[in-house]
Amino acid sequence: MKTNRRNFIKTLGAFTALTIIPRQVLGNGYIAPSDQLTKGIIGTGNMGRGHLKYAGTRLVAVCDVDKKHLELGKNLVTDKIAAYHDFRDLIMDKNVDIVHIATPPHWHGIMSVEAAKAGKDIWCEKPMTRTIGEGKRVMEAVKQYGSMFRLNTWFRFKDNFYGLGTPVQPLKKLVQSGMLGWPLKVTISKHTGFDWKFFWVGKEYLEPQPVPEELDYDMWLGPAPYKPYNSHRVHSTFRGYWDYDGGGLGDMGQHYIDPVQYLLGKDHTSPVKVEVDAPQQHPDAIGVWRSITYTYDDGCQIVLWGGDYGNPDTPYISGPKGNVYKNFVCDIPGWEKKLADYPEPEPQVTDFIESVKTRKTFVLNEQNGFRSATIVNMGLVALRLNRTLHFDPVRLEFINDEAANRLVDQLMRSPWNI
């Protein structure tokens with residue numbers, strides 16, 4: 001097997017805490033675990049330019065199919081950096097250690113797989129992928145080529161978790177203590193502190209417009225079906241169209257749901273049923289929904305209420321022995337004192353730069369990230385078909401539903417494939 005920088009660093013991982021290894025000892029193309037790593041950003045719109053702030057790496061390359069965005073990317077740093085039109089050129093740049101993927105989601109799967117093949121480590125925006133099948137392929141490629149993968153949502157390991165007013169770790173400790181009982185129901189809604197972004201809706205009719213001179217629209221579409229250009233399809237409003245994302249659920253789903261998956265201990269499985277209450281969706285433009293309910297084989301549920309739907313008095317976590325409400329209010333008498341006697345959640349690697357240098361899996365990676373992305377994508381498939389679906393979390397397919405399974409592995413526009 002061909003040796004690359006990742007394999008070499010993995011071999012040296014046990015020594016990194018004690019030894020500073022000169023770059024030249026590793027040879028051309030290798031970076032010592034003690035050195036600063038480099039990164040390239042694919043997609044330098046608003047989201048992509050935000051990737052500069054993530055510490056511990058030096059920006060050496062940017063890529064965008066919009067010339068204006070590319071210029072903004074080049075100006076992120078004062079040093080001269082490489083600027084690419086084609087993401088494959090950035091991925092193959094030997095000076096890039098970590099590939100940051102900040103494009104619309106219909107590109108996430110292809111770019112992650114290609115980066116893994118090139119021996120790069122990957123920092124990918126949420127949602128991890130636009131379909132379940134693409135996520136499965138990313139998971140396989142990362143494992144096959146030994147890459148480190150980070151999904152760019154962080155609430156399972158740091159920062160206050162929206163309306164709960166607390167980091168997730170105390171919630172995890174409470175759930176794993178058993179004080180709330182089992183099974184649990186988690187309700188994610190405006191009333192519990194999680195407001196779905198229903199402004200991410202598409203327009204049902206788009207007048208064809210001339211493609212701006214600075215935009216390579218064909219490359220922007222990539223694997224997505226060709227549809228005439230309209231400014232509402234691209235850049236800041238692409239989330240409203242099925243071809244590229246999943247509306248408010250696609251945008252916020254992994255932020256809101258991934259920590260719940262962690263709380264419930266479901267990082268290695270998926271719900272077995274998804275039910276939707278929503279208007280019939282347009283085949284191109286994403287609309288709104290009233291509720292989406294996921295059920296696991298042990299009876300645990302995740303319930304999403306859209307807009308102002310749902311009961312304002314509903315707890316965030318409901319269990320047979322107690323409930324947790326917005327602002328981390330629990331109705332179990334003396335719960336805080338009792339909780340102090342229980343063990344803390346298991347520690348995890350929460351610094352991606354440490355993960356890259358030591359080859360220890362990051363806390364939110366291609367495996368558990370795939371599972372939380374699958375929850376989002378199950379809901380999107382159910383919305384598009386407007387019916388209840390049953391899912392096999394081992395085979396990763398819907399049960400006795402050919403139409404649903406066609407949305408698991410969707411066709412890509414030639415010449416793109418994954």
Side-chain angles (χ1 to χ4, degrees), residues 104-106 127-136 185-191 194-206 224-225 227 232-233 237-254 256-257 260 270-297 300-311 314 371-393 395-411:
H106 68 290
M128 179 174 158
T129 55
R130 196 184 65 87
T131 71
I132 295 170
E134 289 171 20
K136 181 173 180 287
K185 179 168 75 171
V186 178
T187 302
I188 304 174
S189 75
K190 181 178 180 179
H191 307 303
F194 302 81
D195 198 356
W196 295 99
K197 294 182 178 179
F198 274 176
F199 51 78
W200 292 131
V201 294
K203 295 181 179 181
E204 295 188 4
Y205 177 74
L206 295 175
K227 289 174 182 173
H232 204 258
R233 283 197 180 279
T237 46
F238 66 81
R239 295 192 191 279
Y241 300 91
W242 296 113
D243 290 341
Y244 325 120
D245 199 355
L249 180 56
D251 182 26
M252 300 306 293
Q254 285 204 269
Y256 292 173
I257 295 172
V260 177
S270 299
V272 296
K273 182 170 72 170
V274 55
E275 304 164 88
V276 295
D277 178 10
Q280 181 64 51
Q281 300 289 306
H282 187 270
D284 182 35
I286 299 169
V288 300
W289 41 269
R290 290 178 286 271
S291 70
I292 305 174
T293 301
Y294 302 91
T295 304
Y296 289 90
D297 61 1
C300 283
Q301 288 190 319
I302 301 174
V303 180
L304 318 181
W305 285 101
D308 293 320
Y309 291 100
N311 185 341
T314 300
R371 288 294 180 175
S372 54
T374 294
I375 299 174
V376 172
N377 287 321
M378 286 176 65
L380 295 175
V381 172
L383 283 173
R384 293 180 76 170
L385 299 175
N386 201 24
R387 61 172 178 260
T388 296
L389 301 173
H390 297 270
F391 190 71
D392 185 327
R395 295 175 63 88
L396 299 173
E397 61 185 31
F398 294 99
I399 299 171
N400 298 325
D401 198 316
E402 185 178 343
N405 284 323
R406 283 199 296 269
L407 296 176
V408 169
D409 287 296
Q410 297 178 37
L411 293 175

*What is the distance from atom CG of Leu389 to atom OH of Tyr294, rounded to the nearest 0.5 Å?*
10.5 Å
*What distance do Thr295 atom OG1 and Lys185 atom NZ have between them, rounded to the nearest 0.5 Å?*
9.5 Å
*Determine yes or no for a side-chain-to-main-chain donor-acceptor pair under 3.5 angstrom, with Ser270 supplying the side chain and Pro393 the backbone.*
no
*Between CG of Leu304 and CH2 of Trp196, what distance do you get to the nearest 0.5 Å?*
5.0 Å
*asked:* Would you say CZ of Phe198 has more than 12 non-hydrogen atoms from neighbouring residues, nucleotides or ligands within 6.0 angstrom?
replied: yes
_Summary of salt bridge (charged side-chain N to carboxylate O under 4.0 Å, His left out) pairs that have at least one residue in residues 381-392, sequence neighbours excluded_ = Arg387-Asp401
*With distance as the sole criterion, is a donor-acceptor pair present between the side chains of Glu275 and Thr293 under 3.5 Å?*
no
*asked:* For the CG atom of Asp277 and the CH2 atom of Trp289, what is their distance to the nearest 0.5 Å?
replied: 10.5 Å
*With sequence neighbours left out, what residues match Lys203 under side-chain contact (heavy atoms from CB on, under 4.5 Å)?*
Leu206, His232, Tyr241
N/O donor-acceptor pairs under 3.5 Å from side chains in residues 279-287, not counting sequence neighbours:
unit_1 : atom_1 : unit_2 : atom_2 : d
Gln281 : OE1    : Gly287 : N      : 2.7
Gln281 : NE2    : Pro279 : O      : 3.3
Gln281 : NE2    : Val288 : O      : 3.0
His282 : ND1    : Asp284 : N      : 3.0
His282 : ND1    : Ala285 : N      : 3.1
Asp284 : OD1    : Lys227 : NZ     : 3.1
Asp284 : OD1    : Arg233 : NH1    : 3.4
Asp284 : OD2    : Arg233 : NH2    : 2.7

*Rounded to the nearest 0.5 Å, how far apart are CG of Leu396 and CE of Met378?*
10.5 Å
*Taking atom NZ of Lys197 and atom CZ of Arg239, what is their separation to the nearest 0.5 Å?*
7.5 Å
_Minimal non-hydrogen separation, Phe194 against Ile188, with atom names_ = CB-CG2, 3.5 Å
*asked:* Take a 6.0 Å sphere around CG of Asn400 and say whether it holds more than 12 heavy atoms from other residues, nucleotides or ligands.
replied: no
